[in-house]
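Comments concern the structure below.
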Amino acid sequence: MSLLETEMVQKTLSKEDFVSDQTVRWCPGCGDYAILASMQKILPELGIKREEMVFVSGIGCSSRFPYYLDTYGFHTIHGRAPTIATGLKIVRPELCVWVITGDGDGLSIGANHLLHIMRRNVDVTILLFNNRIYGLTKGQYSPTSEQGKKTKTSPMGSLEMPLDPIQVALAADCSFVARAIDVDAKGLQWVLKEAARHPGTAFVEIYQNCNVFNDGAFSHVSAKELRAQNTLSLTPGKPLLFGQNNEKGLCYQAGGFKVVSSQSNEVFVHEANLPIEKAIALNALSYPQFPLPLGIFRAALRPVYEKQIEKTSGVPQTQKKLEALLHSGKTWEIK
């Protein structure tokens, strides 16, 4: 799409154009409402036609997402949304494809599928809603639940160490990795737009509050009055500063980060193409000793999977070519 066409779409579409006629069915107060509102807000700003957008989801509370957007969508099976999105993107590379998943759907039964879509660098945007609990099935501990978490399936406390979604994405060499919070509309919308525009797999972990089964799991960073002190904004090209008045900074030494004064000339300036080892070191910063990193950990450029397929093997990349392939050779019509 040309720049002029993009601007025309931006002028003609509004948030209301992306609101479907379906009644939104999440528990009152669920963080999913805030994420949906942010998504509907940013979609017109991307300058992409509604008929060129597809939302693919698995199973879970978050996976109802496609019903509530007036775009194309697939509500698929448990954990397999990345696989279906990969197939769609290969045959229709011109589409803007989103994968909506949760900490249970994406990191338990779907963990293998999630890993492979990221290592291949398929040009899709993955949103993983992390509430550290199984919400749809009524409050069992999930792959991201903290050790010692007491739930219906761990009455004495979970024995398992939790999976870290950002660590998983970085280990898979995902080319775009970010984290946001459901209630931080400004930060979430910025990350969503940057992720959507990234060529290749973009993975965004979204801290999402389940007010029924795990209320307040992220209150130390979601509360507006605590956010400046307890979080670190990751913006490529900007120094790593935090604190109520940005009085503190981070510098990188001996394979890790340490806190220094914001006036120090050692303050680390974040970069988009951050080496994996530094991105991992950033993610290792844990509250309360360090602020929680929010924003873009890494936005590196590497070959996009579906373009590599077209270049190396000549696999048809449009619906027209695909239909020609299917109807070539020995075919017949049944009348």
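Each residue takes its place number in the sequence, starting with 1. Note that the structure is a prediction, hence the values are computed from the model and not measured.
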Item to check | Step-by-step side-chain hydrogen bond (donor to acceptor under 3.5 Å, both in side chains) determination, Glu45 to Gln189 | outcome: CA-CA 10 Å; Glu45 299 173 20; Gln189 289 167 21; over 6 Å; no
Checklist entry - Where do Ser14 and Glu16 land on the side-chain hydrogen bond (donor to acceptor under 3.5 Å, both in side chains) test, with the steps shown first? => result CA-CA 5 Å; Ser14 66; Glu16 287 69 31; 3.2 Å; yes
Checklist entry - Step by step, would you call Arg119 with Asp173 a side chain to side chain contact (heavy atoms under 4.5 Å, CB included)? => result CA-CA 6 Å; Arg119 76 173 179 86; Asp173 198 18; 6.0 Å; no
Next on the checklist: Pair Ile84, Val99 - check side chain to side chain contact (heavy atoms under 4.5 Å, CB included), show working.
Outcome noted: CA-CA 9 Å; Ile84 292 169; Val99 171; over 6 Å; no
Next on the checklist: Set out, in order, the CA-CA distance, both residues' side-chain angles and the distance that settles salt bridge (charged side-chain N to carboxylate O under 4.0 Å, His left out) for Glu52 and Arg50, then state yes or no.
Outcome noted: CA-CA 5 Å; Glu52 294 178 355; Arg50 289 186 299 169; over 6 Å; no
Checklist entry - What's the verdict on side chain to side chain contact (heavy atoms under 4.5 Å, CB included) for Val304 and Glu306, showing C-alpha distance, side-chain angles and the deciding distance? => result CA-CA 6 Å; Val304 175; Glu306 54 272 28; 3.5 Å; yes
Item to check | Residues Lys258, Cys251; criterion side chain to side chain contact (heavy atoms under 4.5 Å, CB included); working and verdict | outcome: CA-CA 6 Å; Lys258 73 172 188 177; Cys251 75; 3.5 Å; yes
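At a threshold of 4.5 Å between side-chain heavy atoms, the hydrophobic network of Ile, Leu, Val, Met, Phe, Trp and Tyr places Leu294 and Phe297 in two separate groups. One hydrophobic cluster, built from ILVMFWY side chains closer than 4.5 Å, holds both Met39 and Trp190. Both Leu128 and Val54 are part of a single hydrophobic cluster, where members link through side-chain heavy atoms under 4.5 Å apart. Under the 4.5 Å side-chain heavy-atom criterion for ILVMFWY residues, a single connected hydrophobic cluster contains both Ile309 and Leu95. Val177 and Leu292 fall into different hydrophobic clusters, defined by Ile, Leu, Val, Met, Phe, Trp and Tyr side-chain heavy atoms under 4.5 Å apart, directly or through other members.
The structure places CG of Asn230 at 10.0 Å from CD of Glu225, a figure rounded to the nearest 0.5 Å. From Ile48, atom CD1 reaches atom CD of Glu94 across 11.5 Å, with rounding to the nearest 0.5 Å. A distance of 10.0 Å separates CG of Leu163 from CD of Gln167, quoted to the nearest 0.5 Å. Distance OG1/Thr231 to CG/Leu285: 12.0 Å, rounded to 0.5 Å. From Ser38, atom OG reaches atom CG of Leu43 across 10.5 Å, with rounding to the nearest 0.5 Å. Once rounded to the nearest 0.5 Å, the distance linking CD1 of Ile280 with CG of Leu170 reads 5.5 Å.
Side-chain atoms of Thr201 come within 3.5 Å of backbone atoms of Ile117 as a donor-acceptor pair (strictly under, hydrogens ignored). In this structure, the side chain of Thr153 engages the main chain of Tyr141 through a donor-acceptor pair within 3.5 Å. Between the side chain of Ser154 and the main chain of Lys149, a donor-acceptor pair closer than 3.5 Å is present. A distance-only check finds a donor-acceptor pair linking the side chain of Asn131 to the backbone of Ile133 [under 3.5 Å]. Side-chain N or O atoms of Gln40 include one that pairs as donor or acceptor with a backbone N or O of Tyr68 at under 3.5 Å. Judged by distance alone, the side chain of Asp123 and the main-chain N or O of Gly200 form a donor-acceptor pair under 3.5 Å. Proximity of a side-chain donor or acceptor of Arg132 to a complementary backbone N or O of Glu146 within less than 3.5 Å is not detected. No donor-acceptor pair closer than 3.5 Å links the side chain of Gln147 to the backbone N or O of Glu160. Judged purely by atom type and a 3.5 angstrom limit, Ser145 uses its side chain to pair as donor or acceptor with the backbone of Ser142.
In terms of heavy atoms, Gly216 sits closest to Asn209 at N-OD1, 2.9 Å. Residues Ala178 and Val191 come closest through the heavy atom pair CB-CG1, 3.7 Å.
Ring centroids of Phe257 and Phe268 are separated by less than 6.0 Å, placing the two rings close together.
For Gln263, the CD atom counts as loosely surrounded, since its 6.0 Å shell holds 12 or fewer non-hydrogen atoms of other residues, nucleotides or ligands. The local environment of NZ in Lys152 is crowded, with over 12 non-hydrogen atoms from other residues, nucleotides or ligands closer than 6.0 Å. More than 12 heavy atoms of other shown residues, nucleotides or ligands fall within 6.0 angstrom of atom OH in Tyr33.
For the pair Thr235 and His270, the minimum side-chain heavy-atom distance is 4.5 Å or more. Side chains of Phe203 and Val168 form no contact here, defined as non-hydrogen atoms less than 4.5 Å apart. Side-chain contact between Leu240 and Leu282 is present, with heavy atoms from C-beta onward closer than 4.5 Å. Residues Val267 and Val260 meet the side-chain proximity criterion, which asks for heavy atoms closer than 4.5 Å. Contact annotation: the side chain of Phe129 approaches that of Phe65 to within less than 4.5 Å [non-hydrogen atoms, C-beta and beyond]. Within the 4.5 Å cutoff, side-chain heavy atoms of Leu136 are placed close to those of Arg64. Using a 4.5 Å cut-off on side-chain heavy atoms (C-beta onward), Trp26 and Ser62 make no contact. Side-chain atoms of Leu301 and Pro199, non-hydrogen and from C-beta on, do get closer than 4.5 Å to each other.
Judged by the 6.0 Å distance and 45° axis criteria, Lys278 is positioned over the aromatic ring of Tyr252.
Using a 3.5 Å distance cut-off with no hydrogens or angles, the side chains of Asn246 and Ser262 do not pair a donor with an acceptor. Looking only at atom types and distance, the side chain of Tyr134 has a donor-acceptor partner in the side chain of Ser108 under 3.5 Å away. Using modelled atom types and a 3.5 Å distance limit, the side chains of Thr86 and Thr83 yield no donor-acceptor pair.
Each of Asn130, Asp103, Asn214, Asp32 was checked for a side-chain hydrogen bond (donor to acceptor under 3.5 Å, both in side chains) with Gln208, and the lone residue meeting it is Asp32.
Using a 30° and 60° split on the angle between ring planes, Phe218 and Tyr207 fall in the parallel class, below 30°. Using cut-offs of 30° and 60° on the angle between ring planes, the pair Tyr67 and His75 is perpendicular.
Under the side chain to side chain donor-acceptor pair (under 3.5 Å) criterion, Thr125 pairs with no residue, sequence neighbours left out.
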